[in-house]
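To keep things clear, I will list the structure first and then write my remarks on it.
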Amino acid sequence: MRRLKIAIVDGFCPRPYEGQTWEHEAMGGTELTAARVAEALAADHDLVVLQHCRQQVACSAAGVCYEPGGDWRKLAGTRNFDVVIIINSLKLLALWRKHAPAQTRLILWRHNFMGATHKYAAKLLADTNAQMICVSHSHRHHTLATLGIAEGSASSARIGVIYNPVVTDQRGQRLTVQTGVDSNQLLFASSPHKGLEQVLDNFMKLRQRIPQLSLLVCNPGYLERPLPIYDGVRYTGKLRPAQVHAQMRRSLCLFNAQSTFAETFGLVFAESHSMGTPVVAQRGLGAVDEVVGDEHGQVLNVNDVQAVYELIARWRDGQRPQLSKNPAFDLDAVKTQWLKLLCSIVVDSETQQSNIGIVPKAMA
């Protein structure tokens with residue numbers, strides 16, 4: 001396959017990021033995933049990441065260029081990319097199709113759920129001849145249901161799944177309750193709008209039964225809000241991914257005891273397993289069942305105080321499960337899926353061009 005010119009368009013990132021931002025700053029899951037995928041694909045293709053809030057060009061050691069976006073109409077009309085991957089925005093998908101060269105192939109990379117206001121999305125995907133990538137199978141199923149698309153239809157064939165990559169440092173010793181895990185420390189590692197209020201309430205109920213417990217709250221830092229003071233709760237502020245992973249390694253569990261905020265993937269769940277640490281999460285909520293799995297009692301009704309107490313008590317008593325990363329979330333596996341997608345849509349595009357008398361680029 002020839003080397004493609006690919007743009008990833010990010011019109012929502014809260015602040016600029018680039019290739020190694022994760023080494024020195026806190027990052028949200030979508031931005032971290034976009035950077036990981038761009039850096040991985042750069043070995044095979046020419047990558048540009050366009051960001052609405054970036055002011056200056058920065059190029060990574062892998063060769064990815066992170067460039068200012070914002071004037072999307074001009075960029076769509078003047079930059080000649082083979083493939084444009086648009087993060088989340090249906091509006092930018094429509095704009096890019098209107099102003100970009102006809103041969104540009106478009107991919108909508110959704111990291112959040114479709115809602116009632118997105119009913120036109122299926123028609124837009126067809127009109128723009130675009131593919132849509134969801135980040136889990138549960139995310140895809142929700143998308144089909146929300147948009148009223150039947151499985152097996154032409155519209156459903158446009159919507160696929162590629163997981164977010166999980167990259168953690170596996171060189172450290174696997175800890176157990178006997179060899180370094182703090183059996184009293186629970187961890188919440190998501191943005192506070194993702195159910196923290198309910199997590200705090202459920203933690204305080206649990207702490208009435210086990211007073212020794214503490215809850216460490218990490219924050220990726222893209223949404224600031226006042227945080228309440230509770231006994232046994234400590235806020236770390238913004239932590240780099242490696243610092244969050246270190247806390248995962250030494251915590252008894254990732255305590256995501258909330259039933260209100262659904263994740264399309266749940267990167268922190270997968271990262272926690274990668275560090276050998278179990279998760280407490282709500283059964284049936286978003287991608288929890290798919291990413292966390294139903295082993296070892298991790299997925300349950302988090303509002304059942306007795307059930308949560310019994311689970312934590314078992315783990316503190318030496319029955320904490322030893323977990324590992326799902327191989328499907330490995331960066332190499334995710335990269336392979338992206339390369340297959342890129343190959344398939346470019347071959348399809350060149351076949352269409354050949355059929356209407358245009359010399360395919362690969363043959364020019």
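Among all heavy-atom pairs drawn from Val334 and Ala328, the shortest one is CG2-O, 4.0 Å. Taking every heavy atom of both residues into account, Met132 and Cys134 meet most closely at CE-SG, 3.8 Å. Listed here is the closest heavy atom pair of Val64 and Ala42: CG2-CB, 3.6 Å. Residues Leu93 and Ala130 come closest through the heavy atom pair CD1-CB, 3.9 Å. Minimum heavy-atom separation, Val268 to Ala189: CG1-O, 3.4 Å. Heavy atoms only, all atoms of each residue included: Ala94 and Leu124 are closest at CB-CD1, 3.9 Å.
Panel note: side chain Arg15, backbone Cys53; no donor-acceptor pair is recorded below 3.5 Å. Within the 3.5 Å criterion, the main-chain N or O of Asp332 finds a donor-acceptor partner in the side chain of Thr336. The main-chain N or O of Val299 is found under 3.5 Å from a side-chain atom of Arg283 such that the two form a donor-acceptor pair. In this structure a side-chain-to-backbone donor-acceptor pair under 3.5 Å is present from Thr104 to Phe81. Using a distance-only test at 3.5 Å, with no hydrogens or angles considered, no donor-acceptor pair links the side chain of Glu290 to the main chain of Ala287. Judged purely by atom type and a 3.5 angstrom limit, Ser156 has no side-chain atom pairing as donor or acceptor with the backbone of Ile149. For Asp289 (side chain) and Gly284 (main-chain N/O), a donor-acceptor pair under 3.5 Å exists by modelled atom type. The backbone N or O of Leu252 sits less than 3.5 Å from a side-chain atom of Arg320, completing a donor-acceptor pair. Counting only distance, with no hydrogens or angles, the side chain of His273 and the backbone of Leu323 share no donor-acceptor pair below 3.5 Å.
Counting heavy atoms of neighbouring residues, nucleotides and ligands inside a 6.0 Å radius, atom CZ of Arg3 exceeds 12 of them. The local environment of NZ in Lys119 is crowded, with over 12 non-hydrogen atoms from other residues, nucleotides or ligands closer than 6.0 Å. The neighbour count for Glu310 CD, taken as heavy atoms of other residues, nucleotides or ligands under 6.0 Å away, is above 12. No more than 12 heavy-atom neighbours from other residues, nucleotides or ligands sit within 6.0 angstrom of CD on Gln56. Remark: Gln306 CD is packed, more than 12 non-hydrogen atoms of other residues, nucleotides or ligands lying under 6.0 Å away.
Between Asp82 and the options Lys5, Arg2, Arg105, a salt bridge (Lys or Arg N to Asp or Glu O under 4.0 Å) holds for only Arg2. Between Val84 and the options Leu108, Leu106, Ile107, a side-chain contact (heavy atoms from CB on, under 4.5 Å) holds for only Leu106.
In this structure, the salt bridge (Lys or Arg N to Asp or Glu O under 4.0 Å) partners of Lys205, at least two apart in sequence or on a different chain, are Asp201. By the side chain to side chain contact (heavy atoms under 4.5 Å, CB included) test, Gln208 is found to be paired with no residue, residues two or more places apart in sequence or in another chain being considered. Here His52 pairs with nothing under the ring pair (Phe, Tyr, Trp, His ring centres under 6.0 Å) rule; sequence neighbours left out. Under the ring pair (Phe, Tyr, Trp, His ring centres under 6.0 Å) criterion, Trp109 pairs with His111, Trp338, sequence neighbours left out. Among residues two or more places apart in sequence or in another chain, the ring pair (Phe, Tyr, Trp, His ring centres under 6.0 Å) test is passed with Phe113 by His139, His142.
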Query - Worked check of side chain to side chain contact (heavy atoms under 4.5 Å, CB included) between Ile312 and Val280 - result: CA-CA 9 Å; Ile312 296 298; Val280 173; 4.1 Å; yes
Requested in this report: Tell me, with the steps shown, if Arg140 and Glu151 meet salt bridge (Lys or Arg N to Asp or Glu O under 4.0 Å).
Outcome: CA-CA 10 Å; Arg140 181 178 182 272; Glu151 186 67 86; 2.7 Å; yes
Report task. Carefully, step by step, assess Val279 and Val291 under the rule side chain to side chain contact (heavy atoms under 4.5 Å, CB included). Result -> CA-CA 10 Å; Val279 175; Val291 175; over 6 Å; no
**Report entry** CA sep, side-chain torsions, deciding dist, call: Gln103, Asn80, side chain to side chain contact (heavy atoms under 4.5 Å, CB included)
**Finding:** CA-CA 10 Å; Gln103 68 270 21; Asn80 190 17; 4.2 Å; yes
Requested in this report: Determine, step by step, whether Met248 and Leu187 satisfy the side chain to side chain contact (heavy atoms under 4.5 Å, CB included) criterion, reporting the C-alpha distance in whole Å, the side-chain angles of both residues, the deciding distance to 0.1 Å, and the verdict.
Outcome: CA-CA 7 Å; Met248 287 175 174; Leu187 177 69; 3.6 Å; yes
**Report entry** Pair Asp330-Lys325, salt bridge (Lys or Arg N to Asp or Glu O under 4.0 Å): steps then yes or no
**Finding:** CA-CA 8 Å; Asp330 187 78; Lys325 179 169 63 176; 3.2 Å; yes
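If you take SG on Cys59 and CG on Leu47, they are separated by 11.5 Å, rounding to the nearest 0.5 Å. The distance from the CG atom of Leu206 to the CG atom of Leu213 is 5.0 Å, given to the nearest 0.5 Å. In this structure, CG on Leu92 lies 11.5 Å from CZ on Arg73, to the nearest 0.5 angstrom. Separation of atoms CE (Met275) and CD (Gln247) is listed at 11.0 Å; rounding is to 0.5 Å. Here the CD1-CE distance, from Ile159 to Met114, works out to 7.0 Å after rounding to the nearest 0.5 Å. Here CZ of Arg110 is found 11.5 Å from CD1 of Ile87. Values are rounded to the nearest 0.5 Å.
With a 4.5 Å cut-off on side-chain heavy atoms, Val37 and Pro165 count as touching. Residues Gln258 and Leu285 are in side-chain contact: their nearest non-hydrogen atoms beyond the backbone lie under 4.5 Å apart.
Of the charged side-chain nitrogens involved, at least one lies within less than 4.0 Å of a carboxylate oxygen, so that Glu67 and Arg79 count as a salt-bridged pair. A salt bridge links Arg54 to Glu18: one of the charged nitrogens lies within less than 4.0 Å of a carboxylate oxygen.
A chain of hydrophobic side-chain contacts below 4.5 Å, direct or via other Ile, Leu, Val, Met, Phe, Trp or Tyr residues, connects Tyr230 to Val308. Side-chain heavy atoms closer than 4.5 Å link hydrophobic residues (I, L, V, M, F, W, Y) into clusters, and following such links, possibly through other members, connects Ile210 to Phe188. When hydrophobic clusters are built by joining Ile, Leu, Val, Met, Phe, Trp and Tyr residues whose side-chain heavy atoms come closer than 4.5 Å, directly or via intermediates, Leu331 is not grouped with Leu41. Met204 and Leu311 end up in the same hydrophobic cluster when Ile, Leu, Val, Met, Phe, Trp and Tyr side chains are linked at under 4.5 Å. At a threshold of 4.5 Å between side-chain heavy atoms, the hydrophobic network of Ile, Leu, Val, Met, Phe, Trp and Tyr places Tyr66 and Phe12 in two separate groups.
A donor and an acceptor atom, one from each side chain of Ser136 and Ser138, are located under 3.5 Å apart. Ser214 and Gln185 form no side-chain donor-acceptor contact under 3.5 Å, judged by distance and modelled atom types alone.
Among pairs with a residue in residues 243-270, those fulfilling ring-ring contact (aromatic ring centres under 6.0 Å, His included) read Tyr163-Phe265, His193-Phe261, Phe265-Phe329, at least two apart in sequence or across chains.
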